[in-house]
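Bear in mind that the values here come from a model prediction, so they are computed numbers and not experimental data.
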Amino acid sequence: MRFCKPAGLRVTLHLTRHTRPPRTHPPLVRENSPMTSPARRATAATDPAATDPHRWMTLIVASVATLMVVLDVSVVNIALPQAQSDLGMSDTNRQWMITAYALAFGGLLLLGGRIADFIGRKKALLLGLLGFAAASLLGGLAPNPGTLFTARALQGAFAAVLAPAALSLITVAFTDQKERAKAFGIFGAFQGGGGAVGLLLGGVLTEYEGWRWCMYINIPIALAAVLAARPYVRESRAAGDRHYDIPGAVLVTGGLVSLVYGFAQAADGGGWTDPTTLGLLGTAVVLLTAFVVVEHRSTHPLLPLRVILDRSRAGVFLANLLIGAGMFGMNLFMTYFLQVNLGYTPLQAGCAFLPFSIGIIATTTLGAPLVNRYGPKLLMAVGTTLATAGLLWLTRLDAASGYTGEVLPTQILVSVGVGFFFLAGPNIALSGVNPHDAGVASAALSTSQQIGAALGPALLNTLYISAVTGYLASHTTTPGEAAKNLQLEAFLHGYRIAFIVAGVLLAAALVALITLVKSPKGAAGTATAAPSVH
């Protein structure tokens, strides 16, 4: 991937500034509207009035804004063990530090995209940045787990407004197709690098300043992006009627919250047959069913059902959800294995995760020619097989397991595997979509992964707690060193159960890809929408 040199960037801006007519503002065209047909795009690309002179600064602002969203996920993973100890979180509730964020993000992402279109994408970006900063401050000051979980949910809600606004601003700013492709390549590099930066930054901050600084770090980033956005980012909004599917947003978010909370309740001593657990799961089924009915009847649905009823597209969405669940669940328990069982410091744990981030970046960056050569379905199937094998490798964990024997091979296999999936998936999910639905299809792809990121840790943590409790109940020992060793063995047993289930989730994703996704005829499909944020 080539990045524009600073000198080249200055020349581009200089030439654009001299060719732009004074006080001329181009018409703001809604993404995916008829104005974005190939003929209209070609005209816009050659019209100086349609060129945003600050488009590269818009790209930088949008990339940094969404980098913060990605970075925050990996930072929190490293900080979680220390935060749990400091605030007295139970093993049952600790997953909410990850789940609350992912759930709010995934549940509100579609609505956030609508809000950005209607109130203005620049305005939505600024709102999201300031709200994210305020939520981060609340999280850093949290005196108890409940406040921290609330702050994480608020971060997810504002990220659901921020992320689609940033992607839309890039799409509107870059009208030339070659420049847009380069812009999205740079944007993707920011997102891929965000995971690696977050792991290192989380380790440094947690070890030397404390976990609260993993929250505070978002504040200067958000404020810097706001200050840069105000003078340089051009406002744009959707034309036509402005309708919000509030009932749909309430139903889908309420249904997902009930579903995840039901999993958590099952681990909190109640079990799967507890009336509260059954009530929550039943409520989730009712609300999600009602969401489908509302979307079917609504004239302005949050998620048009035609987007997900396509067989191949539905297969990719389902696989994306299952892979998100397995991958985020794996990261949760690998963090605890490194810091609790192997005794790694937060910084060491952050460094230990680097091969995972590097593997994803390398695969998605260098693997593009493979999509055209072998087709997206084959590449997704091969990638999911590798990731499944990597997760099942972790079922070998025992007291003698170490980083190089178990963790490193898993990270390599899973990162390359999911990298292939993330690279090829949009070619199926976004190919052949009605232009009017391209934006919502792209948002749905991101949403499916975030929902998996919310459900996976909740499900796997529930099974982990049950496995550890059962193991300790069936083994007795005397207090002292033997008891400590028994507890570590119980943790290992719980990890193995969690990794087995995570592997099964990825195997189910492979089945969905093989049975539902059709191989495109001819060349691999091409996706014109923006890449999803991972």
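- Using a 4.5 Å heavy-atom threshold, the side chains of Leu162 and Phe105 count as separate.
- Under the 3.5 Å distance criterion, the side-chain polar atoms of Trp211 are left unmatched by any main-chain donor or acceptor of Pro81.
- Considering all non-hydrogen atoms of both residues, Gly419 and Thr363 come closest at C-CG2, 3.7 Å.
- Closest non-hydrogen pair, Ala133 versus Ile219, comes out as O-CG1, 3.7 Å.
- Between Glu207 and Gln348 there is no side-chain heavy-atom pair separated by less than 4.5 Å.
- Residues Thr206 and Gln82 have side chains that never bring a donor and an acceptor to within less than 3.5 angstrom of each other.
- Counting only distance, with no hydrogens or angles, the side chain of Ser466 and the backbone of Thr462 share a donor-acceptor pair below 3.5 Å.
- Between Gln339 atom CD and Ile78 atom CD1 the span is 6.0 Å, to the nearest 0.5 Å.
- Using a 4.5 Å heavy-atom cutoff, the side chains of Leu460 and Phe333 are in contact.
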Using the side-chain contact (heavy atoms from CB on, under 4.5 Å) rule, take Leu125 and Leu169 through it: C-alpha gap first, then chi angles, then the decisive distance, then the call. CA-CA 9 Å; Leu125 179 71; Leu169 285 168; 3.8 Å; yes
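- When side chains are defined from C-beta on, Phe422 counts as touching Val418, because their heavy atoms get closer than 4.5 Å.
- Aromatic pair Phe491/Tyr336: centroids not less than 6.0 angstrom apart.
- A pairwise comparison of heavy atoms in Phe353 and Gln411 identifies CA-NE2, 3.5 Å as the closest pair.
- Here CD1 of Ile323 is found 10.5 Å from CG of Leu391. Values are rounded to the nearest 0.5 Å.
- In this structure, Ser415 OG and Ile360 CD1 are separated by 6.0 Å, a value rounded to the nearest 0.5 Å.
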I would like to know whether Ile412 and Phe356 meet side-chain contact (heavy atoms from CB on, under 4.5 Å); could you show each step before the answer? CA-CA 6 Å; Ile412 294 173; Phe356 183 76; over 6 Å; no
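- Interatomic distance, Leu223 CG to Phe132 CZ, rounded to the nearest 0.5 Å: 12.5 Å.
- At distances below 3.5 Å, not a single donor-acceptor pair connects side-chain atoms of Arg121 with backbone N or O atoms of Ala165.
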Any chance you could lay out the salt bridge (Lys or Arg N to Asp or Glu O under 4.0 Å) test for Asp86 and Arg212, step after step, and finish with the verdict? CA-CA 10 Å; Asp86 186 32; Arg212 295 181 186 274; 3.6 Å; yes
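- Annotation for Ser401 and Leu342: closest pair O-CD2, 3.6 Å, computed over non-hydrogen atoms.
- Counting heavy atoms from C-beta outward, Leu130 and Val226 have side chains that approach closer than 4.5 Å.
- Within the 3.5 Å criterion, the main-chain N or O of Gly146 finds a donor-acceptor partner in the side chain of Thr150.
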Evaluate Met215 against Val76 for side-chain contact (heavy atoms from CB on, under 4.5 Å), listing each step before the verdict. CA-CA 8 Å; Met215 297 283 104; Val76 166; 3.6 Å; yes
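- More than 12 heavy atoms of other residues, nucleotides or ligands sit less than 6.0 Å from atom CZ of Arg396.
- Within the 4.5 Å cutoff, the side chain of Met97 has heavy atoms near those of the Phe149 side chain.
- Closest non-hydrogen pair, Ala325 versus Leu505, comes out as CB-CD1, 3.9 Å.
- Here the side chains of Leu472 and Leu486 are in contact, with some heavy-atom distance below 4.5 Å.
- Using modelled atom types, no side-chain atom of Tyr216 and backbone atom of Ser136 make a donor-acceptor pair closer than 3.5 Å.
- In this structure, CG in Leu397 is found 5.0 Å from CZ in Phe337, a value given to the nearest 0.5 Å.
- With no hydrogens or angles considered, a side-chain donor-acceptor pair links Asp91 and Gln84 at under 3.5 Å.
- The side-chain tip of Arg94 does not point at the ring of Trp96 from less than 6.0 angstrom away and within 45° of straight on.
- Nearest heavy-atom pair across Thr410 and Gly390 is OG1-O, 3.1 Å.
- Contact check on Glu235 versus Lys123 returns no salt bridge, with no Lys/Arg side-chain nitrogen under 4.0 Å from an Asp/Glu carboxylate oxygen.
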Please evaluate residues Gln155 and Asn218 with respect to the criterion side-chain contact (heavy atoms from CB on, under 4.5 Å), reporting the C-alpha separation (whole Å), side-chain torsions for both, the decisive distance (0.1 Å), and the verdict. CA-CA 10 Å; Gln155 283 182 320; Asn218 297 312; 3.5 Å; yes
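- With rounding to the nearest 0.5 Å, the separation of CG in Asp398 from CG in Leu492 is 7.5 Å.
- Side-chain contact between Phe499 and Trp393 is absent, with no heavy atoms from C-beta onward closer than 4.5 Å.
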